[in-house]
Student: 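What follows is a single structure, and I will ask about it in a moment.
In listed order, ligands and their atoms are each counted from 1. Remember, predicted model here, so these are calculated numbers, not experimental data.
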Amino acid sequence: MTITTSARPQHLTRPHGVWQGAMKAGALALALVGLSAQAASDMPPMPEITGGKVAGNGQDYTIRVSIGTTKGGAQYRGAEYFEKIVESRSDGHVQVQLFDSAQLGDDLQAVSSLQSGTLEMTLPSTSPLVKMFPEFAVFDLPFLFPTTDVVDQVFDGDIGDQLLKVASSKGLVAIGWSENGYRQLTNSKHPVSSPADLEGLKIRTMQNPIHLDIWRTLGANPTPMSFAELFTALEQGVVDGQENPWITIQSSKFNEVQPYATETNHVYTPFITLVSKRYWDRLPEGYQQLLVDAAQDMSRYERQVSRTLNDQIKQELKDDGMQITELTPGQVAVFQKKLAPVYDHWRDQIGGQLIDDIRELSQ
Ligand code: KDG
């Protein structure tokens with residue numbers, strides 16, 4: 001897949017969303033179940049809404065949004081901002097209802113509900129969707145996104161637009177990106193500071209062939225599982241470990257059943273904002289553009305929330321007794337060297353050009 005400059009999907013004209021202002025403490029408290037009081041208080045305030053009222057066709061619309069993570073995470077916070085923008089700029093004619101913690105199904109179930117038109121919107125990780133969109137597997141390659149700057153260049157540039165175009169098919173309309181984040185390993189057995197320490201550890205992965213390849217290549221014993229089943233599987237010892245960003249580890253209380261963590265930052269996982277094509281085609285053009293505007297504003301704010309809280313929450317997990325191993329650059333290099341074959345395994349399927357284009361961004 002070669003990146004072309006005119007990559008931007010037709011439905012994605014970039015609005016002029018800017019950052020301003022603060023938000024009322026009340027709503028702040030309401031929205032933050034699951035996060036510590038400290039993290040809650042450090043949550044960046046929602047920016048003022050920019051852009052005027054949008055005229056519809058006099059009809060009212062409801063958008064149910066399925067979210068896999070809990071109310072305490074950056075993802076839910078971003079979705080609340082999306083809700084606020086859409087309801088205010090449509091003068092209440094478009095109502096948004098948020099359903100967290102996979103109430104309406106996990107990522108794969110929610111996407112299939114969009115395709116059948118029984119649900120309007122969802123924010124899945126890209127990893128469970130690689131069978132549907134093989135190019136998405138580029139996000140699962142280890143250590144390909146060394147900094148959030150590289151992530152933003154992809155999200156806010158041609159590569160991100162091209163991948164949204166790819167995902168605007170199969171009954172779906174892709175309108176934006178947000179941040180799941182850099183993944184960290186946790187386990188219930190012992191500290192891990194080298195691949196050798198992974199010998200025989202049963203690690204849960206997302207339903208994704210590259211993640212299975214990563215942990216198999218490192219010498220662990222990986223098993224794919226839906227996020228919705230993960231906490232119970234950890235609690236019952238069905239698996240010894242898992243990997244997710246710090247904010248998800250805290251908001252899903254994995255630290256209560258996982259005493260050990262290693263700051264691996266081994267993969268960066270995005271969320272993608274998807275709308276049901278059947279629903280999209282019923283919306284007047286003004287409301288289609290409103291959803292795109294709101295998704296872009298949500299994307300920038302959610303990334304800010306995720307990054308503001310990331311280090312803070314890691315510290316809180318430590319304060320709450322989690323034993324966190326911080327790898328030295330030399331120790332990270334051992335993991336990177338051991339994982340080099342993963343690139344050879346998947347280069348052709350993903351597309352060498354796409355991988356090289358992203359690598360270029362960190363040069
Ligand atoms: O819907 C939530 C999932 O997208 C997210 O939690 C995926 O990181 C993920 C995992 O570990 O399953």
Student: With a cut-off of 4.0 Å, which atoms of ligand 1 are near a heavy atom of F271?
Tutor: 4 (O)
Student: Tell me the nearest of S125, A110, A102 to atom 5 (C) of ligand 1, using heavy-atom distances.
Tutor: S125
Student: What atoms of ligand 1 come closer than 4.0 angstrom to any heavy atom of G68?
Tutor: 1 (O), 2 (C)
Student: In terms of side-chain geometry, is the basic nitrogen of R347 or D356 positioned less than 4.0 Å from the acidic oxygen of its partner?
Tutor: yes
Student: Using non-hydrogen atoms of the residue, decide whether Q242 is closer than 4.0 angstrom to ligand 1.
Tutor: no
Student: Looking only at heavy atoms, is any part of N180 under 4.0 Å from ligand 1, and if so is it the side chain, the backbone, or both, or is it neither?
Tutor: side chain
Student: Scan residues 261-272 for pairs that pass salt bridge (charged side-chain N to carboxylate O under 4.0 Å, His left out), counting only residues two or more places apart or in two chains.
Tutor: E263-K314
Student: So between L123, V267, T122, D107, whose heavy atom ends up nearest atom 4 (O) of ligand 1?
Tutor: D107
Student: Charged N to carboxylate O under 4.0 angstrom, D152 versus R307?
Tutor: yes
Student: Measuring from the heavy atoms of N244, does anything fall under 4.0 Å of ligand 1?
Tutor: yes
Student: Flag the pair D161 and K165 as a salt bridge only when some basic side-chain nitrogen lies within less than 4.0 angstrom of an acidic carboxylate oxygen.
Tutor: no
Student: If you measure from each non-hydrogen atom of R204 to ligand 1, which part falls under 4.0 Å: side chain, backbone, both or neither?
Tutor: side chain
Student: Using a strict cut-off of less than 4.0 Å between a Lys/Arg side-chain nitrogen and an Asp/Glu carboxylate oxygen, indicate whether E179 and R300 qualify as a salt bridge.
Tutor: no
Student: Using a strict cut-off of 4.0 Å, indicate which atoms of ligand 1 neighbour a heavy atom of F227.
Tutor: 6 (O), 10 (C), 11 (O), 12 (O)
Student: To the nearest 0.5 Å, tell me how far S90 OG sits from Q95 CD.
Tutor: 7.0 Å
Student: Compute the ring centroids of Y268 and F139, then answer whether they are less than 6.0 Å apart.
Tutor: no
Student: Tell me, which protein residue and heavy-atom name are nearest atom 9 (C) of ligand 1, and how many Å apart are they?
Tutor: M206 SD, 3.5 Å
